[in-house]
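All remarks here apply to the structure that follows.
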There are 2 protein chains.
Amino acid sequence: MARAQNSAAEIKGLPKSKSNTQQALSILKELILDNRLASGSNHLESELAEMLGMSRTPVREATLILEAQGLVEVKPRHGVKILSLSPQDMSEIYDILTELESLSAELAANMGYSEEQFQIAETAIQKMDEALENDDLEAWAVADELFHSELVRFGNNSRIANIYRMYSDQVRRARKLTLNLRPKPTKSNDDHRNVLNAIRDGNASEAQILHRAHRIQAKKMLIGLLEQYGFNNV
Amino acid sequence: MARAQNSAAEIKGLPKSKSNTQQALSILKELILDNRLASGSNHLESELAEMLGMSRTPVREATLILEAQGLVEVKPRHGVKILSLSPQDMSEIYDILTELESLSAELAANMGYSEEQFQIAETAIQKMDEALENDDLEAWAVADELFHSELVRFGNNSRIANIYRMYSDQVRRARKLTLNLRPKPTKSNDDHRNVLNAIRDGNASEAQILHRAHRIQAKKMLIGLLEQYGFNNV
DNA sequence: TCATACATTTACGTATACATTATAAAATTA
DNA sequence: TAATTTTATAATGTATACGTAAATGTATGA
């Protein structure tokens, strides 16, 4: 049955044939983030394997990795449980990202990057402006995410980048729900610009303080919405 | 060959028979942290499987988890590579822990714990004092670690606790090397006491600031030693 | 001698078979 | 009926078989 090798890729129309384990990983992640695998639900290995058109082995490996990343819990005999994202969970994640991104901003300011290296971040900010003018919140969210990931990259701490990557999926998941409920993020754009300028100027503590403030603000807004609209188990 | 089930446990004399995957995980972790699997070295799955007295399957699962935790890198055809802990790596880890522990201190101060709940932390500090009097650095390190883990527990953020757990192994690894080189940690004890008092008093920003300062100090010392004594690849 | 093509080896990725064991259902007893 | 034991079921954990492909070695020709 080695012919089933690429079936999952074929079904999903994914680009290239990574290993089945990697495919299972990204597909499952996608399903979880889209809430097509509902939070709190349990799924047997064999069930997932069948769904993905591969054997249990790669699925099992994928779930173990997902567990290490905090997206699921593997409960022997109950299948893998999709963990939920309560406001409490989001609060935890936001707190962590606030600290680590702010630190990144601080580190970035001390790195002394050249103007050229700010290109992507600069573009991201511009795109956010454009998106706002066009009332295209989707595009805004994408650009916003790009800015944040650039910031983390500037921090030059690979472990922070890993942690960020780990949680960014879940942040995206929460954001998806609140994107159309939140006020127009005009202030966000200003915040970003100020942070970037502080980094440019090599003003580490300013960069850190500004970014932290921005994050705390964003958290308050998001958690408020999640609670208000009762997304208790996303 | 299902009789090989517990052989690994038997060999190592471990407590109970968790799954082989879990055993492989903890044994490998131990070997890595003790540097008995040298940093930078590569090991084939089959080699590790034989060493642990089990088949490739659980070993493979364990290495995937270890990879997700950042201790190894799985390189197809080259085996799993034991990642090294350069001063740069330790610097990254310390930076992260500094932020997250300081945040924990801040959160802890806002939680309003009762005196009773500080029991363990209080004991830890006392043990650190005793250990210093007896010049027992091992005992000091154990108590110090206990204090830090209590602090993280107080923060009441399960994800921070996870991250902390993930890196604490590596911190221990580095500390092992520097424990006898560092100056007597008398100031550390004072620092801890002050942080705990600030938490007691519900003084969040003070707790945060004190702990951050403590951490930054510790980092400077540790990294300095690592560089000075040339532990470039622990 | 060097480069290139071809053959060989071997480690990995995956499927599958099987052993183990937790759960639930059934049966027994008080 | 309720509690307890037994049995059956089914899902997991593990071993193993095997195809595939990467890395290495070998041979050939320039």
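So that the names make sense, note that chain A is the first sequence line, chain B the second, and so on, each numbered from 1.
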Self-check item: side chain to side chain contact (heavy atoms under 4.5 Å, CB included), paired with B:I93, selected from B:Q170, B:Q88, B:M166
Solution: B:Q170
Quiz item: Between A:T21 and C:dT14, is there a side-chain N or O to OP1/OP2 distance below 4.0 Å?
Solution: yes
Quiz prompt | Nearest-angstrom distance from the residue atom CD of B:Q23 to C1' of D:dT14 | solution = 13 Å
Practice problem: Round to the nearest Å and state the distance from A:K75 atom NZ to C:dT23 atom P. | Solution: 10 Å
Quiz prompt | Whole angstrom value for the distance that separates P of D:dA22 from CG of B:N42 | solution = 18 Å
Practice problem: Under the salt bridge (Lys or Arg N to Asp or Glu O under 4.0 Å) rule, collect the residues that match up with B:E45, sequence neighbours excluded. | Solution: B:R56, B:R60
Exercise. Evaluate the side-chain proximity of B:L71 to B:L83: yes if any heavy-atom separation is below 4.5 Å, no if none is.
Key: no
Practice problem: Nearest whole angstrom, please: distance from the C1' of D:dT14 to the NZ of B:K18. | Solution: 17 Å
Self-check item: Under-4.0 Å side-chain N/O to phosphate OP1/OP2 contact, A:S55 with C:dA15
Solution: yes
Quiz item: Can you tell me how far P of D:dA15 sits from CD of B:E50, to the nearest Å?
Solution: 13 Å
Practice problem: For the pair B:Y113 and B:F118, name the ring-plane relationship: parallel under 30°, tilted 30 to 60°, perpendicular over 60°. | Solution: perpendicular
Quiz item: Side chains of B:I223 and B:M90: does their closest heavy-atom pair fall under 4.5 Å?
Solution: yes
Quiz item: Rounding to a whole Å, what distance do you find between B:R60:CZ and C:dA11:C1'?
Solution: 10 Å
Quiz item: How close or far is atom C1' of D:dA11 from atom CG of A:L48, stated in whole angstroms?
Solution: 13 Å
Quiz item: How large an angle, rounded to 10°, do the end axes of the helix from C:dT1-D:dA30 to C:dA30-D:dT1 enclose when each is built from five base pairs?
Solution: 10°
Quiz prompt | DNA chain D: 5'-proximal contact among A:V74 and B:R56 (nearest heavy atom) | solution = A:V74
Quiz item: Counting just side-chain N and O atoms, does A:N20 come under 4.0 Å of either OP1 or OP2 of C:dT14?
Solution: yes
Quiz item: Residues in salt bridge (Lys or Arg N to Asp or Glu O under 4.0 Å) with B:E115, at least two apart?
Solution: B:R200
Exercise. Send over the distance from B:E45 CD to D:dA15 P, rounded to a whole Å.
Key: 13 Å
Exercise. Only counting residues at least two apart or in another chain, list the ones meeting side chain to side chain donor-acceptor pair (under 3.5 Å) with B:R159.
Key: A:D89, A:E92
Practice problem: Counting heavy atoms from C-beta on, name the nucleotide in D:dA23, C:dC12, D:dT14 closest to the side chain of B:T57. | Solution: D:dT14
Practice problem: Look at the side-chain N and O atoms of A:H78 and state whether any lies under 4.0 Å from the OP1 or OP2 oxygen of C:dT23. | Solution: yes
Exercise. Describe, in one word, how the ring planes of A:H192 and A:H148 are oriented to each other, choosing from parallel (under 30°), tilted (30 to 60°) and perpendicular (over 60°).
Key: perpendicular
Quiz item: Quick one: does A:M51's side chain get under 4.5 Å of A:H43's, heavy atoms only?
Solution: no
Quiz item: Sequence neighbours excluded, which residues qualify as side chain to side chain donor-acceptor pair (under 3.5 Å) partners of B:K219?
Solution: B:S91, B:D95
Identify all pairs in which a protein N or O lies below 3.5 Å from an N or O of nucleotides 6-10 of chain C, and state each distance.
none

Quiz item: Pick the nucleotide of DNA chain C nearest each of A:P76 and A:Q22; which residue has the one closer to the 5' end?
Solution: A:Q22
